[in-house]
S.K.: 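Below is one structure. I have some questions about it.
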Amino acid sequence: MSAELSPIEKAKFVAAKRASDMVENGMKVGLGTGSTAAWMVRCLGERVRQEGLKIKGVPTSTRTADLAREVGIEVIALDEAGWLDLTIDGADEFDAELNLIKGGGGAHLQEKIVASASDRMVVIADPAKEVAHLGAFPLPVEVIPFGWKTTRKLVEEMLEGMDVLGRDVTIRMNGAMPFVTDEGNHILDLHLLRIGNPRQLALVLNQVPGVVENGLFIDICDTVVIGHGDGRVELRDVAAGSVQQDSMEFAESENLFKDV
Ligand SMILES: O=C[C@H](O)[C@H](O)[C@H](O)COP(=O)(O)O
């Protein structure tokens with residue numbers, strides 16, 4: 001890596017590097033999806049090559065599985081792993097309680113299953129992902145292709161009774177066709193602007209027939225690692241029921257930037 005990296009990519013990288021250092025020999029690790037998680041997979045691959053780190057990775061998408069294999073990480077399926085020590089993943093938004101919106105890349109279904117089957121979920125993020133209220137980022141909802149327009153109508157009706165500021169629901173497109181997830185489903189993006197009660201919305205959404213899973217991660221994330229473009233890293237941890245903050249300098253950040 002190098003000097004041409006933008007501050008935002010450096011921020012993603014230092015968060016990913018810090019979180020990848022939490023991985024220990026022998027661990028079974030959930031590997032998230034997205035541009036930030038891709039840095040983490042590369043960092044873990046570097047540790048496999050340099051230190052002989054022995055881990056088994058459970059990817060949350062075909063993209064991540066391909067990258068993990070490419071960088072030398074042993075890849076296994078979730079059902080082979082059973083239970084994971086740690087999952088590291090990115091997010092589209094996180095709030096003060098470490099609740100998340102995920103699924104900007106359409107991978108939140110597998111990501112939620114994998115994170116829920118882990119002792120600990122660590123989210124890696126750049127500072128732009130932190131919000132006072134979830135909802136500015138459109139909330140992804142995975143729906144089965146059968147009758148998706150009817151499902152969209154049912155979701156719109158359900159939103160009438162919810163504490164949200166916006167109610168537009170769009171189908172995610174891939175060119176002229178609806179986007180297709182790894183599970184063969186489509187994604188509805190809910191433009192809610194501000195979600196008053198994410199916990200309630202997460203429960204209600206999954207009761208709409210045709211909905212497979214929504215991108216709200218409530219009480220799943222244990223730690224958020226926030227990277228900054230100058231190499232600083234902040235940690236937010238859910239401990240004893242509250243969120244603790246910590247911050248540190250990445251002393252060797254310049255060298256780390258050169259490593260990857
Ligand atoms: O479906 C995609 C995932 O939930 C990603 O982790 C999320 O969209 C964040 O991606 P990025 O790190 O590229 O911002």
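Whatever order the structure lists ligands and atoms in, that order sets their numbers, starting from 1.
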S.K.: Taking side chain as C-beta onward, heavy atoms only, is E130 less than 4.5 Å from R236?
M.R.: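 Counting from C-beta outward, E130 and R236 do come under 4.5 Å.
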S.K.: Looking at atom 12 (O) of ligand 1, what's its closest protein heavy atom, distance included?
M.R.: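 I find the closest protein heavy atom is T36 OG1, 2.5 Å.
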S.K.: Is the closest N or O pair between K12 and ligand 1 shorter than 3.5 Å?
M.R.: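 No.
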S.K.: Measure from atom 7 (C) of ligand 1 to every heavy atom in D92, D126, I101 and give the option owning the shortest one.
M.R.: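 The option holding the nearest heavy atom is D92.
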S.K.: Show me, pair by pair, the donor-acceptor contacts under 3.5 angstrom made by side chains of residues 88-96, not counting sequence neighbours?
M.R.:
| unit_1 | atom_1 | unit_2 | atom_2 | d |
| --- | --- | --- | --- | --- |
| D89 | OD1 | T33 | N | 3.2 |
| D89 | OD1 | K102 | NZ | 3.2 |
| D89 | OD2 | K102 | NZ | 3.0 |
| D92 | OD2 | G103 | N | 3.2 |
| D92 | OD2 | G104 | N | 2.9 |
| E93 | OE1 | G135 | N | 2.8 |
| E93 | OE2 | A136 | N | 3.3 |
| E93 | OE2 | F137 | N | 2.7 |
| D95 | OD1 | E97 | N | 2.9 |
| D95 | OD1 | L98 | N | 3.1 |
| D95 | OD1 | N99 | N | 2.9 |

S.K.: Which of these, E111, M40, R63, has its nearest heavy atom closest to atom 4 (O) of ligand 1?
M.R.: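 Closest candidate by heavy-atom distance is E111.
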S.K.: Looking at atom 2 (C) of ligand 1, what's its closest protein heavy atom, distance included?
M.R.: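 The protein heavy atom lying closest is G105 N, 3.1 Å.
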S.K.: Between D219 and R199, does a salt bridge (Lys or Arg N to Asp or Glu O under 4.0 Å) hold up when you go through it step by step?
M.R.: CA-CA 9 Å; D219 296 338; R199 189 177 302 273; 2.7 Å; yes
S.K.: Are I195 and H133 side-chain neighbours, meaning at least one heavy-atom pair lies under 4.5 Å?
M.R.: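 I195 does not reach H133 side chain to side chain.
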S.K.: Is A37 in polar range of ligand 1, meaning some N or O pair under 3.5 Å apart?
M.R.: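 It does not: no N or O of A37 is found under 3.5 Å from an N or O of ligand 1.
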S.K.: Do S6 side-chain atoms and E9 backbone N/O form a donor-acceptor pair below 3.5 Å?
M.R.: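 Yes, because the side chain of S6 sits within donor-acceptor range (under 3.5 Å) of the backbone of E9.
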S.K.: Is there side-chain contact between V123 and F217, with at least one heavy-atom pair below 4.5 Å?
M.R.: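 Counting from C-beta outward, V123 and F217 never come under 4.5 Å.
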S.K.: So with a 6.0 Å cut-off around CZ of R49, is the heavy-atom count from everything else above 12?
M.R.: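 Yes, because the 6.0 Å sphere around CZ of R49 holds more than 12 heavy atoms from other groups.
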S.K.: Just which atoms of ligand 1 are under 4.0 Å from any heavy atom in G90?
M.R.: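 Once the distances to G90 are compared, the set is 6 (O).
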S.K.: Applying a 4.0 Å heavy-atom criterion (strictly less than), which segment of A91 is in contact with ligand 1: side chain, backbone, both, or neither?
M.R.: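 Looking at A91 and ligand 1, just backbone atoms fall under 4.0 Å.
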S.K.: Purely on distance, is any nitrogen or oxygen of G34 under 3.5 Å from one on ligand 1?
M.R.: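 There is no such contact.
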S.K.: Should you measure from each heavy atom of D89, which atoms of ligand 1 turn up under 4.0 Å away?
M.R.: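 In order of number, 6 (O).
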S.K.: Just need the protein heavy atom nearest to atom 13 (O) of ligand 1, so name the residue and atom and give the distance.
M.R.: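 For atom 13 (O) of ligand 1, the nearest protein heavy atom is S35 OG, 2.5 Å.
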S.K.: When Ile, Leu, Val, Met, Phe, Trp and Tyr are grouped by side-chain heavy atoms lying under 4.5 Å apart, directly or through other members, which residues fall in the same group as V58?
M.R.: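 Direct or chained contacts put V58 with I76, L78, L84, L109, I113, V114, I144, F146, V212.
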S.K.: Quick test: of every protein heavy atom, which one is nearest to atom 5 (C) of ligand 1, and how far off is it to 0.1 Å?
M.R.: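 Of every protein heavy atom, T33 O, 3.0 Å lies nearest to atom 5 (C) of ligand 1.
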S.K.: For D79, does the CG atom have more than 12 heavy-atom neighbours from other residues, nucleotides or ligands under 6.0 Å away?
M.R.: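 Atom CG in D79 is not crowded, with 12 or fewer foreign heavy atoms closer than 6.0 Å.
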S.K.: Can you report which non-hydrogen protein atom sits closest to atom 14 (O) of ligand 1, along with the distance?
M.R.: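 Ranking protein heavy atoms by distance from atom 14 (O) of ligand 1, first comes K129 NZ, 2.8 Å.
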